[in-house]
Protein chains: 2
Amino acid sequence: MSKLKPADISPELHSDNVLTEFTLQALLGYQIKRAYNHVQNDLSETLAAFDLRVLTFTALVMIKENAGTSQSKLANALQIERPNLVAIIDELENRELIVRERVVHDRRAYSLVVTKTGSQLCVSALNAVKAHEKNMFSCLTAADKKALTKMMLRIRQNNEL
Amino acid sequence: MSKLKPADISPELHSDNVLTEFTLQALLGYQIKRAYNHVQNDLSETLAAFDLRVLTFTALVMIKENAGTSQSKLANALQIERPNLVAIIDELENRELIVRERVVHDRRAYSLVVTKTGSQLCVSALNAVKAHEKNMFSCLTAADKKALTKMMLRIRQNNEL
DNA sequence: TATTGTTATACTCTATAACTATA
DNA sequence: TATAGTTATAGAGTATAACAATA
């Protein structure tokens with residue numbers, strides 16, 4: 001079978017309803033992307049029940065775990081630019097999930113701390129996220145998950161300068 | 001050691017330069033995300049050398065592999081909404097990498113076909129992407145990659161309705 | 001000078017409603 | 001009425017320049 005060249009195609013519609021994607025499916029990055037999209041979408045739905053987006057949830061968890069951190073350090077940890085963190089922190093503060101307190105010995109910075117409400121929401125959301133993960137990865141054995149974690153870590157280390 | 005409650009934290013900056021993230025690191029989805037970000041960023045850089053974004057590249061590959069397909073079918077395959085595909089197709093057509101031809105027996109639809117230039121660029125870009133993958137996943141053995149592919153496929157199948 | 005938080009801005013990606021021309 | 005492609009628009013997420021307050 002010879003391959004079809006552009007000139008051989010008459011202007012008619014491709015008949016198949018599902019397109020072939022042999023080329024893309026052979027790419028590991030493409031497979032990771034497709035699977036990760038499902039995980040990401042399900043995570044977003046899970047967090048929507050708590051009125052949280054992935055980024056606000058991640059910020060909340062990080063602030064709880066690093067009480068007293070600054071917006072600069074947090075932006076650095078979340079790998080986002082400082083200006084983009086402002087709205088996220090504003091939202092968490094408006095919902096009284098965290099507080100911004102001026103630091104005594106460095107009045108440029110804020111000390112970020114979760115409130116009791118924020119801490120409780122964090123626990124609830126985290127439990128939901130764990131349930132989401134249990135469900136999403138129920139097709140993997142414990143050994144699979146361990147191997148997968150190691151591979152993801154290796155990919156990161158292989159490509160961090 | 002008892003856990004610190006919000007009230008116990010004086011408004012001082014967290015002293016560590018690197019924040020802890022035990023909670024997030026325990027989540028498999030988070031590990032996949034972190035690793036995938038590296039892959040995605042490197043892929044974007046790779047394709048930028050050909051003036052292609054990930055989506056325009058993916059569209060080009062799919063059109064080459066499914067000559068004569070329509071924009072609706074392509075949008076469906078790429079999992080994006082039809083309106084968002086228009087600009088992508090416009091760009092590929094303006095660069096003369098593909099052509100839009102009116103279909104004879106259904107004048108609503110276009111038949112999408114790569115040009116010779118488009119086909120050649122596709123081959124070059126694909127070679128670069130393969131090199132990118134070889135580099136990104138050089139830390140994984142052939143068996144690792146095979147297992148990873150199977151796991152990603154299982155996650156997708158586990159979560160498709 | 002340098003840093004922290006901020007504003008303004010812009011660009012990409014994504015999602016929906018509504019239009020047009022065809023079927 | 002249904003479908004293919006399109007337009008307009010809006011919401012996220014992300015990136016940079018520049019500013020005020022502070023170091």
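Protein chains get the first letters and strands the later ones, always in sequence-line order, with residue 1 at the start of each. Because the structure is a prediction, the values reported are computed rather than measured.
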Heavy atoms within less than 4.0 Å of DNA chain C: which residues of residues 35-50 of chain A have one? Give them sorted by number.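 Nucleic-acid contacts, sorted: none.
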
What is the distance from [atom1] of [X] to [atom2] of [N], rounded to the nearest Å?
X: A:Tyr110; N: C:dT3; atom1: OH; atom2: C1'; value: 15 Å
X: B:Asp90; N: D:dT6; atom1: CG; atom2: C1'; value: 9 Å
X: A:Leu52; N: D:dA12; atom1: CG; atom2: P; value: 14 Å
X: B:Leu78; N: C:dC13; atom1: CG; atom2: C1'; value: 13 Å
X: A:Arg102; N: C:dG5; atom1: CZ; atom2: P; value: 8 Å
X: B:Lys73; N: D:dG5; atom1: NZ; atom2: C1'; value: 15 Å
X: A:Leu85; N: C:dT4; atom1: CG; atom2: C1'; value: 12 Å

Pairs touching residues 128-153 of chain A that satisfy salt bridge (charged side-chain N to carboxylate O under 4.0 Å, His left out), sequence neighbours left out: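 Listed by first then second residue: A:Asp144-B:Arg154.
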
Could you list all the salt bridge (charged side-chain N to carboxylate O under 4.0 Å, His left out) pairs where at least one residue sits in residues 47-56 of chain B, not counting sequence neighbours?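 Salt bridge (charged side-chain N to carboxylate O under 4.0 Å, His left out) check on residues 47-56 of chain B returns B:Arg53-B:Glu91.
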
Nearest to the side chain of A:Ala109 - D:dG5, C:dT4, C:dT6?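 Of all the options, the side chain of A:Ala109 is nearest to C:dT4.
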
Given D:dG13, C:dC13, C:dT6, identify the nucleotide with an atom nearest to the side chain of A:Arg53.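 The listed nucleotide nearest to A:Arg53's side chain is D:dG13.
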
Remaining members of the apolar cluster that contains B:Val123, side-chain heavy atoms under 4.5 Å: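 Direct or chained contacts put B:Val123 with none.
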
Apply the hydrophobic cluster definition, ILVMFWY joined by side-chain contacts under 4.5 Å directly or through others, and give me every member besides A:Phe137.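 Same cluster as A:Phe137: A:Leu28, A:Ile32, A:Tyr36, A:Val39, A:Met136, A:Leu140, A:Leu148, A:Met151, A:Met152, A:Ile155, B:Leu28, B:Ile32, B:Tyr36, B:Val39, B:Met136, B:Phe137, B:Leu140, B:Leu148, B:Met151, B:Met152, B:Ile155.
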
Salt bridge present between A:Arg100 and A:Asp90 (N-O < 4.0 angstrom):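 A salt bridge is present here (some side-chain N lies under 4.0 Å from a carboxylate O).
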
Listed partners of A:Arg108 passing side chain to side chain donor-acceptor pair (under 3.5 Å), at least two apart: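 So A:Arg108 forms a side chain to side chain donor-acceptor pair (under 3.5 Å) with A:Asp106.
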
Can you name the side chain to side chain donor-acceptor pair (under 3.5 Å) partners of B:Asp42, sequence neighbours left out?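 Scan of B:Asp42 (side chain to side chain donor-acceptor pair (under 3.5 Å), adjacent residues dropped) gives B:His132.
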
Quick one: list whatever passes side chain to side chain contact (heavy atoms under 4.5 Å, CB included) with B:Ser44, sequence neighbours left out.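 For B:Ser44, the residues satisfying side chain to side chain contact (heavy atoms under 4.5 Å, CB included) (neighbours in sequence not counted) are B:Val54.
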
Would you tell me if any nitrogen or oxygen in the side chain of B:Ser72 comes within less than 4.0 Å of OP1 or OP2 on D:dT3?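 Negative; the distance criterion is not met.
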
A:Ser70 vs C:dT4: side-chain N/O to OP1/OP2 distance below 4.0 Å: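 Checking C:dT4 against A:Ser70, no side-chain N or O comes under 4.0 Å of OP1 or OP2.
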
May I ask you to check whether A:Glu65 and B:Thr23 show a side-chain donor-acceptor distance below 3.5 Å?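 Yes, side-chain donor-acceptor contact under 3.5 Å.
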
Give one of base, sugar-phosphate or nothing for B:Leu55, where a contact means two heavy atoms less than 4.0 Å apart.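 Sugar-phosphate: the residue B:Leu55, judged by heavy atoms under 4.0 Å, touches backbone atoms but no base.
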
Protein within reach of the bases, or only the backbone? For nucleotides 15-23 of chain D, mark each nucleotide 5' to 3' as B, S or -, using heavy atoms under 4.0 Å. BBB----BS

